[in-house]
2 protein chains.
Amino acid sequence: MSGAITLIGTGPGTPELCAPAALAALGKATIIVGYHTYLKQIDSLFPDTPRFGSGMRQEVERAEKAIQFAREGHTVAVISGGDAGVYGMTGLIFDLLDGDSDGIPVEVIPGITALTAAAALLGAPLMSDFAAISLSNYLVEEATILKRLEAAARADFVICLYNPTSSKRRAFFETACAAVEKIVGGERPVGIVRAAYRDGQSVRRCRMAELRGAELGMDCVVIIGNRTTRFARGRMITARGYNLQKQSMETETLET
Amino acid sequence: MSGAITLIGTGPGTPELCAPAALAALGKATIIVGYHTYLKQIDSLFPDTPRFGSGMRQEVERAEKAIQFAREGHTVAVISGGDAGVYGMTGLIFDLLDGDSDGIPVEVIPGITALTAAAALLGAPLMSDFAAISLSNYLVEEATILKRLEAAARADFVICLYNPTSSKRRAFFETACAAVEKIVGGERPVGIVRAAYRDGQSVRRCRMAELRGAELGMDCVVIIGNRTTRFARGRMITARGYNLQKQSMETETLET
């Protein structure tokens with residue numbers, strides 16, 4: 001008798017921003033599988049349900065384990081931070097089940113992804129077309145990432161960077177910043193959000209020219225504005241295109 | 001004495017996918033402001049709280065009204081479908097308050113945006129870098145939209161289309177499809193989700209060559225895969241890059 005797998009996006013990491021449907025699915029699970037960091041964020045929820053945790057870059061093993069638990073009859077909740085379908089565990093589970101699902105039912109419950117959480121804290125930077133790009137060179141070649149960054153910058157997308165740097169990966173971030181700055185210029189507004197809605201949250205703004213030197217980590221999301229993005233009264237705002245008189249007002253000067 | 005404004009993303013439109021923080025803010029509101037369609041989706045929530053609704057393209061008046069209510073002392077909840085910061089009301093409120101906030105506190109509560117809701121129903125199409133593009137030519141010039149579409153297609157982004165067509169706007173959708181198909185070819189997998197998680201939900205898949213003829217509307221999100229996206233066992237999956245043996249398996253043939 002096989003069980004089931006539910007892929008759950010827990011959002012930024014507080015139960016207040018986790019969908020009731022996700023909380024309900026966690027409540028029904030007989031085992032919860034996830035990256036240690038995300039499991040810790042839901043420590044207080046359903047503490048009696050067994051957990052299976054593993055570290056970063058152990059996604060494949062974690063997915064295999066989740067499938068094994070389901071085959072043994074477990075109702076498995078696989079959690080990802082943010083949305084499980086955005087650089088999360090969903091793809092891996094479907095990949096591994098491809099042609100070999102044993103009829104295991106799989107459901108995905110969407111969550112609040114990091115770029116919208118970061119945007120909510122910054123103001124309104126995502127009011128126009130945007131591109132999400134992960135700077136992790138673990139699974140994608142740097143040349144491909146750079147090509148996407150340059151294409152997005154040239155086409156005036158707001159650019160959201162996931163995984164901007166890690167403890168072992170800083171040089172590529174600086175290469176990426178230089179490539180974008182060459183296209184958009186040094187004055188372009190940038191927002192940096194660390195640990196959105198969690199302990200240690202910080203919300204910073206700077207100009208493109210300053211981004212290369214910024215302190216960052218895997219818990220940060222960076223949003224680079226488009227041509228119309230400005231800072232006003234501490235908020236990062238991208239014009240949606242409404243013909244407002246106010247849009248021509250002189251915008252606030254950023255203190256550096 | 002001025003009130004406050006909370007911008008709320010209600011997600012796909014069911015309370016089960018609306019963050020507890022958003023539900024709490026709705027509960028505290030003395031008036032709820034929104035587009036008629038989104039107000040209707042939360043009909044059953046806090047039915048005694050007064051509503052102020054208006055139609056499509058009345059966003060500016062709605063935002064001005066919300067600010068007026070706040071100036072009169074109201075605790076105003078302004079709702080958007082999905083995430084309030086993604087083509088939603090957040091930018092407009094900040095734009096209008098620019099330099100003129102009277103000290104009105106404004107908070108944004110993020111929500112589950114349409115592209116992640118659609119992706120959850122399709123499988124795992126967003127496992128790699130993606131671009132969100134609205135095809136509405138109401139606020140952005142068609143030439144700019146086409147430029148972004150072509151840039152995203154060439155750089156191998158997964159492409160998420162918001163507002164693909166409306167009752168009055170079909171021709172541009174076909175132009176947009178032709179432009180993308182020229183770059184990615186006719187075989188590229190496409191997912192179409194209508195009314196995600198609501199009455200009338202439909203989840204369809206097709207090939208790029210068929211998209212131009214598809215029946216669509218403002219309640220649809222279209223996801224065009226990247227080079228690695230495939231259909232397998234009814235799911236739309238974009239490879240994340242893990243070196244899985246399974247990825248070389250022959251993928252399912254799509255019934256047309």
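Lettering of chains follows the sequences in order, A, B, ..., and the numbering in each one begins at 1.
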Answer yes or no: is there a side-chain heavy-atom contact under 4.5 Å between A:Pro15 and B:Pro20?
no

As an exercise: rank A:Ala131, A:Ala132, A:Ala151 by heavy-atom pairs under 4.5 Å with chain B and give me the winner.
A:Ala132

Salt bridge check: are B:Arg233 and A:Asp98 linked by an N-O gap of less than 4.0 Å?
no

Tell me, for B:Val86 versus chain A, whether the close heavy atoms (under 4.5 Å) come from the side chain, the backbone, both or neither.
both

Where on B:Ala119 is there a heavy atom nearer than 4.5 Å to chain A: the side chain, the backbone, both, or neither?
neither

Main chain of A:Asp156, side chain of B:Lys147: is a donor-acceptor contact present, judged purely on distance under 3.5 Å?
no

Is B:Ile133 close to A:Phe130 at the side-chain level, that is, under 4.5 Å between some pair of heavy atoms?
no

Can you name the nearest heavy-atom pair linking B:Glu16 to A:Ala19, along with the distance?
O-CB, 3.5 Å

Looking only at heavy atoms, the pair that brings A:Pro110 and B:Ile112 closest together is O-CD1, 3.3 Å

Based on non-hydrogen pairs under 4.5 Å, which of A:Leu115, A:Leu126, A:Ile159 is most in contact with chain B?
A:Leu126

Partner chain B: residue of A:Gly91, A:Ala152, A:Ala117, A:Ala84 with the largest heavy-atom pair count (under 4.5 Å):
A:Gly91

Can you find a heavy atom in the side chain of B:Phe157 that is under 4.5 Å from one in the side chain of A:Arg148?
yes

Which heavy atom in B:Ala124 sits nearest to a heavy atom in A:Thr90, and how many Å separate them?
CB-CG2, 3.7 Å

Straight-line distance of B:Leu121 CG to A:Glu107 CD, nearest 0.5 Å
9.0 Å

Roughly how far apart are A:Met89 CE and B:Met127 CE, rounded to 0.5 Å?
8.5 Å

What part of B:Val106 is in contact with chain A, defined as an atom under 4.5 angstrom from a non-hydrogen atom: side chain, backbone, both or neither?
both

Please classify the contact of B:Thr144 with chain A as side chain, backbone, both or neither, using a heavy-atom distance under 4.5 Å.
neither

Chain B heavy atoms under 4.5 Å from A:Thr14: which part of the residue, side chain, backbone, both or neither?
neither

Given heavy-atom pairs under 4.5 angstrom as the criterion, report whether the side chain, backbone, both or neither of B:Ile237 touches chain A.
side chain

Is it the backbone or the side chain of B:Ile93 that comes under 4.5 Å from a heavy atom of chain A, or both, or neither?
neither

Is there a donor-acceptor contact under 3.5 Å from the side chain of A:Asp129 to the main chain of B:Ser134?
yes

Kindly say whether B:Phe94 contributes a backbone atom to a donor-acceptor pair with the side chain of A:Arg235 at under 3.5 angstrom?
no

Do any pairs count as a side-chain hydrogen bond (donor to acceptor under 3.5 Å, both in side chains) and have a residue in residues 117-127 of chain B, sequence neighbours left out, and if so which ones?
none

Note: A:Leu17 and B:Ala21 closest approach over all heavy atoms is CD2-CB, 3.9 Å

Is there a side-chain contact between A:Thr113 and B:Asp83 (heavy atoms, below 4.5 Å)?
no

Could you check whether A:Asp95 pairs with B:Arg230 (Lys NZ or Arg NE/NH1/NH2 to Asp/Glu carboxylate O, under 4.0 Å)?
yes

